[in-house]
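Please read through the structure below; I'll follow up with questions.
These figures come from a predicted structure and were not determined experimentally. Atom set for the values below is all heavy atoms of this structure, side chains included, hydrogens, waters and symmetry mates excluded.
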Amino acid sequence: MTQINQRSIKSIIRSKGWLVKEVALRWGYSPRHLSRLLSKNCPQCRDAALGLPLRDQRPASESFLKAPIDQNESHSNSDDMAETII
């Protein structure tokens, strides 16, 4: 198996025309959390990045990705997620 690292996953994401911030929103994560996942070199992140469509070929239903990202917006943390599941 080839070496997986954060830089190669980010390269895959960029090669498809996406920003990490956009992919984080698409996958339901905050940009910071996705960055943490990528730094753990998880194979699932690599597989998911390889499965991304080219940015200019994404469905119109994903128009929410065109809106600017509000850096001041609070994102859920793992405690919020635990309360949601329970």
As an exercise, state the distance from CD of Q44 to CG of D47, rounded to the nearest 0.5 Å.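 Between atom CD of Q44 and atom CG of D47 there are 7.0 Å.
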Between L52 and V23, the two heavy atoms sitting closest are CD1-CG2, 3.7 Å
When rounded to the nearest 0.5 angstrom, what is the spacing between CG in L38 and NE2 in H33?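 Reported to 0.5 Å precision, the distance equals 10.0 Å.
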Could you check L25, I9, L34 and say which one makes a side chain to side chain contact (heavy atoms under 4.5 Å, CB included) with V20? L34
I need the single residue from K21, R36, E22 that forms a side chain to side chain contact (heavy atoms under 4.5 Å, CB included) with P31. Which is it? K21
P53 and R26: which non-hydrogen atoms are nearest, and at how many Å? CD-NH2, 3.5 Å
Output the rest of the hydrophobic cluster of L50: all Ile, Leu, Val, Met, Phe, Trp and Tyr residues reachable through side-chain heavy-atom contacts under 4.5 Å, sorted by chain and number. I12
Report whether W18 and L37 are members of the same hydrophobic cluster (ILVMFWY, side-chain heavy atoms less than 4.5 Å apart, transitive linking). yes
Y29 versus S35: any side-chain heavy-atom pair under 4.5 Å?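 In short, these two side chains do not touch, never coming nearer than 4.5 Å.
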